[in-house]
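As structure tokens, the structure follows; a few thoughts come after it.
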Amino acid sequence: MSLPNYAYFQGKIVPYDQAKVGVLNHTFNYGTGVFGGIRAYWNDRDGQLYLFRPQDHFRRFLDSARLLDMSLPQTPAQLTDVVVELLRREGRREDTYVRPLAYVPDETVGVRLHDLHADITIVSIPFGRYIESEEGSHVTFSSWRRIDDNCIPARGKVIGAYVNSAFIKTDAVRAGYDEALVLNQDGHVSEGSAENFFMVRGGVLVTPPVTENILEGITRRTVIQLAQEELGMTVVERPIDRTEVYLAEEAFFCGTGVQIVAITQVDHRPIADGKMGSFVSRLRDLYFRIVRGMEPKYQNWNTAVYPKPGRD
Ligand SMILES: Cc1ncc(COP(=O)(O)O)c(C=O)c1O
């Protein structure tokens, strides 16, 4: 991976190699920070880079920071402006991933959330697929359990909590799978290591509710809206048992990183006929048109990075 040229750091865009923190900083030592992940899609026809739902991502990012008692004055609109400026400075003309991170710069020893400062850094990198087999992934049920809301809230993207995701992902990949589904303490399906989960059962789209220790995904919200408004699907948010997944007609992961990934096998059991189903296929087509700015109805979800001709 090549490093970015610039970073937003201490309130300014600076050369990436000037964005440095001391090794004693609190987040490095205790995981007391939060992060986000936003994709920007290059549209060749428009000669434009479109950020997908950046303000919604920053709303969740600031909510995650609030969970950690971080006080940050920036608004989602201001942070989106920073990202636009950063991407212009980088001159990105390809699919890109933007990584905002709120951290505690204080170089101090002592585990706590109070009496600390908070700051934001943002970088961007070129980004393609997160899971190679997007059209048909093989997934296992992790032997790890999802962190509970009363341990570290999964609804916030808390840096330290991603050790849970790292265990889940690494064990799955080392065992030859693409990803893993993880159960919560009640034995219900929560999500993947870094993606939300949906299945089709009895012709209905089902996903775990936000009380099942999931991240409240922006893509999840997008999928629910598109399924109901564009694809004529009933969506139900309810707990999901492990063996329901074995019997599902279709299953998929969604998230900014993975985008929409069909799950076609779980623990060597094919989902239905073991091929990507028609709902996931239609959803993927629509999703990729929308994120790339090809669907006028949903253009309010696309923030253009470069000045439009005759404007700005
Ligand atoms: C644990 C987890 N669940 C779900 C998601 C998907 O969330 P979003 O669609 O907001 O990217 C992510 C990705 O960021 C994640 O880390």
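Atoms within each ligand, like the ligands themselves, are counted from 1 in listed order.
- Using a 4.0 Å cut-off between charged nitrogen and carboxylate oxygen, D149 and R155 count as a salt-bridge pair.
- Cluster partners of L247 are absent, since no Ile, Leu, Val, Met, Phe, Trp or Tyr has side-chain heavy atoms less than 4.5 Å from it.
- In terms of the side-chain contact (heavy atoms from CB on, under 4.5 Å) criterion, residue partners of E244 (sequence neighbours excluded) are, by chain and number, M199, R201, R238, I240, D241.
- Partners of H268 by side-chain contact (heavy atoms from CB on, under 4.5 Å), not counting sequence neighbours, listed by chain and number: H138, Y177, Q265.
- Under 4.0 Å from any atom of ligand 1, one finds heavy atoms of residues H57, R60, R146, K157, Y162, E191, S193, A194, E195, N196, L215, G217, I218, T219, G255, T256.
- Residues E90 and S124 share a closest heavy-atom pair of CG-OG, 3.9 Å.
- Look at D63 and R60 and you find no salt bridge, because none of the NZ, NE, NH1 or NH2 atoms lies under 4.0 Å from a carboxylate O.
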